[in-house]
Amino acid sequence: MKAARELLDWIERLGTLAAVPAVAVLLFAFLASHWLAAAGAALLLAAVGVRFLTFRRRFGILERRRLSAYHRAEVEALAARLPVDGGAPLDTHEERLRTGFGFVDPSFSGSGALRDGRPIVDVVTDILRSGDKAMLMGEPGSGKSLIAALVFARLADEFAASPRKARCPLFLHLNAMKPQADPPDTGLTRAEEQALWLKDQLAAEVTLPEAGKLARLLDDGRIVLVCDGLDEAPVMRSPHLLTSIVPESLFGLFRVPSMLTSRTAFYSIYVDATELMSGFTSAGRLLPLRFEEQGAAFLRWYATARGHPELAGELIRIIGGNPSLREAVARPLILRMTAEVLLDLVLQDHDAESFLSAGHGGETSAVYSRYVDKWLQREQAKEPSKLTWWQKGELIECVAWEIFSKSLASGRGWGHFELKDLLVEADELRRIAGRWLESSILVDATVDEICRELVHRSFLIISNDRRRYRFVHKSFFEFCVARHVVRCLDERRAEHRAGRTELLLHPLPDEVIDFVRELLLAVSSSPDERAATEATFLAILNRVDIDAGTGYLMAAQQAANLLPIVAGSRTMELLRSGELFPEHPFLQRAVAVADALHHDRHELLDEFVKRMETDHEAESFHMGYNRIYYGDQAFGDGLWMDDNHPECGRFFRATVRHVKTPAYRRIRVMDLYTVRALLGNPDRRRYLIGREERALRELESLTADPDPELGPEYDRQRVLLREELRASLPETERRPEEASPPEIPQS
């Protein structure tokens, strides 16, 4: 049977299947001597064969069978991650996904066809049916991947029902893309090279048609691409180029109907206003869930699905009474995790409200910690294991750190800030497990046994094919990196504390830093952990040689920035005095930012902003670090100092985002000065006015009102920036109350 299928595939690829009945009829006609009638019949049968059997511009019979099997397997892989099974009849792919997720349609804002107020899955599916493209943005855990999966499932159902008319969906997990290789010199056209790249990306999941036919199907719009996680796509080239964001082959494929998802921060800093967006006429942003409506509805569904509908009111009451937690569950992923964590606590007669103490700001990391630990415990209880659940958790964190460290050592530039390298090869996993096993004397197991349990009995790592593994969700990867860092900083052996400098040699991305700060807040509630972590930070600051290299200066900067979270009063006095690092601007900046964020004290930050106005070195460290961090400046041996090149768009967009984000309100005075410094450079002023005029006008509006809580220096910087914006931007019609500028307050 297998040989027969391969023979049919071969005949189908040659496009000669239609010739078989024609030859047979001609032979019969020759023997019967009715040549005219036979010729007509042969031509008719040949036409029928070309229409229904050749399939040069449509999928063949066996190809459709393979695609249907691929669609089923892909949906099953997505649904397998879900802990809750639906009880309703599940006839279609979409029903299986929608029921398992307990999906609640989120609100969204958008442009183009995404202005439609209908459910988001309906709107995006219609856009793809019409042959158009849609970009979908959202915060981590806002439901982007789920919506992409539901759109894929609906299109797969339509293809199964009408394979000759409906478009065929292909799902690309962008964080699992294979490294881009130079195409072989085989005389392929550009379209065929792109088709060959796509075929290679999905080779482990489905066998697509040969490159020539696949290129024609793409050109005819017979294929729809559902691409999830643009911010996770591996870096290919320099961080200054668009190809560092979107691989060239994938970029070329966006000529077909496509859906693309991305984190909002990544989109706004790295993608907006690029060539990529010219083809996406519809773009939307997922909005936070409204707890009273969407959040409460989900909790009622979840409690019923778990068999305890009577506890829905208790879950709603606990979350509704905790302002920080209520804000966190505006993201669907965290809402689902919180529901599971709280329900388990209530069922075990634990005090769920004390577990998530109101208002301390670490609720998200507390939910992640409890969720990961409980899942590992449940998996561990299914069958005997060589590892305890906490050993498996520690090993998973080591894997996350190794993946992160690999991206730092790859030499690909500083694009790792978006954590694009989420993959670990099978042989790498064996090496990591082997090193961990050597240091864990209490484990009696082989490397193969440990790897099998890690891959097949842990929800954190799943297999895309038999060679590479990735975390099931990017936020779990970020959390595990953060927990590894915080766990290692809790060093009880004094002689090893200075060695923890290696954790801080490279800047941690924003998403990881957010988790680190929350986890350190939790550490501060335990006297022993707090004291050990504080001592580790102090050991790093006392012993690291900041003149030894760029990495060591970064380690000191991050230690100075994170230490105030766990520092006692005496340590904070020491940090504010500057005795540990006399007047070094990079380290002074780190302490000033931390003091403002974690202690609501803006005096140090105000002093640093004033220093930047007169101290070129202080301003250069501030500007250079941020330009490197956001990819406007290549990393080198310049000790994080500014290279003065005019390109500054990514840094500027990140600064505007900070000004608009409530979490960064306490350091807004520094953001305002940053924009002033950018405008003070003539080349950068021309760059921003030419490319970012809309954002500059938005800044002028955002700085219209004073904020007395931030002090007089903030108000001075606010007024100065507004005046510089008015002087820099082309004249526009102003309101009467804006005709005369206010006086500049004196510092």
Side-chain angles (χ1 to χ4, degrees), residues 81-85 100-107 138-146 286-378 393 459-460 471-480 482-483 511 514-515 517-519 521-522 525 663:
R81 308 173 189 177
L82 309 178
V84 177
D85 297 323
F101 276 104
F103 181 69
V104 180
D105 281 306
S107 304
E139 298 300 321
S142 61
K144 303 181 297 296
S145 297
L146 172 53
L286 298 177
L287 302 177
L289 296 180
R290 297 180 298 274
F291 179 73
E292 293 80 0
E293 302 170 23
Q294 296 156 302
F298 175 87
L299 292 172
R300 285 190 286 270
W301 170 86
Y302 184 84
T304 302
R306 288 284 301 269
H308 297 279
E310 72 283 359
L311 296 180
E314 180 69 2
L315 299 181
I316 294 171
R317 184 190 65 79
I318 293 173
I319 297 176
N322 185 328
S324 298
L325 186 59
R326 184 168 170 165
E327 180 180 349
V329 299
R331 302 178 186 181
L333 176 65
I334 300 177
L335 174 63
R336 184 185 186 91
M337 293 166 59
T338 303
E340 179 165 340
V341 166
L342 291 180
L343 188 61
D344 284 343
L345 288 170
V346 171
L347 290 175
Q348 296 172 24
D349 294 327
H350 290 299
D351 186 354
E353 292 176 272
S354 65
F355 170 73
L356 298 168
S357 56
H360 69 69
E363 286 83 0
T364 301
S365 60
V367 169
Y368 270 85
S369 294
R370 177 82 180 185
Y371 186 83
V372 170
D373 291 348
K374 290 301 294 183
W375 191 295
L376 292 175
Q377 290 170 29
R378 283 198 297 268
F459 86 113
L460 290 178
F471 277 72
V472 68
H473 192 275
K474 187 178 177 184
S475 64
F476 287 114
F477 170 70
E478 293 157 348
F479 171 74
C480 287
R483 192 154 73 165
E511 296 90 345
D514 288 342
F515 277 125
R517 285 172 174 155
E518 288 193 5
L519 290 168
L521 282 172
S525 64

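We number each residue from 1, following the sequence as shown. Hydrogens, waters and symmetry mates are skipped; everything else that's a heavy atom, side chains included, is used.
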In Å and rounded to the nearest 0.5 Å, what is the [atom1] to [atom2] distance from [X] to [Y]?
X: T364; Y: I334; atom1: OG1; atom2: CD1; value: 4.5 Å
X: T338; Y: R336; atom1: OG1; atom2: CZ; value: 11.5 Å
X: F479; Y: E511; atom1: CZ; atom2: CD; value: 15.0 Å
X: I319; Y: E363; atom1: CD1; atom2: CD; value: 11.0 Å
X: L342; Y: L347; atom1: CG; atom2: CG; value: 11.0 Å
X: R300; Y: L315; atom1: CZ; atom2: CG; value: 11.0 Å

Student check: side-chain heavy atoms of [X] and [Y] closer than 4.5 Å:
X: L335; Y: L299; answer: yes
X: L146; Y: L333; answer: no
X: L289; Y: P106; answer: yes
X: F103; Y: P332; answer: no
X: F515; Y: R483; answer: no
X: R331; Y: P140; answer: yes

Residue list, salt bridge (charged side-chain N to carboxylate O under 4.0 Å, His left out) with E327, at least two apart or on another chain: none
Under the side chain to side chain donor-acceptor pair (under 3.5 Å) test, residues paired with E293 that sit two or more places apart: R290
For D105, all residues meeting side chain to side chain donor-acceptor pair (under 3.5 Å), sequence neighbours excluded: none
Nearest non-hydrogen partners of L286 and S142, listed with the distance: CD1-O, 3.6 Å
Non-hydrogen atoms of Y371 and V341 that approach each other most closely: N-CG2, 3.8 Å
Test item: E518 side-chain N/O and S365 main-chain N/O as donor-acceptor pair under 3.5 Å: yes
Sidechain-backbone polar pair: K144 side chain, E139 backbone, donor-acceptor under 3.5 Å: yes
Set of side chain to side chain contact (heavy atoms under 4.5 Å, CB included) partners for A330, sequence neighbours left out: P288
All side chain to side chain contact (heavy atoms under 4.5 Å, CB included) counterparts of D344, not counting sequence neighbours: R306, E340, Q348, R378
Contacts of type ring-ring contact (aromatic ring centres under 6.0 Å, His included), residue F476, not counting sequence neighbours: Y368, F459
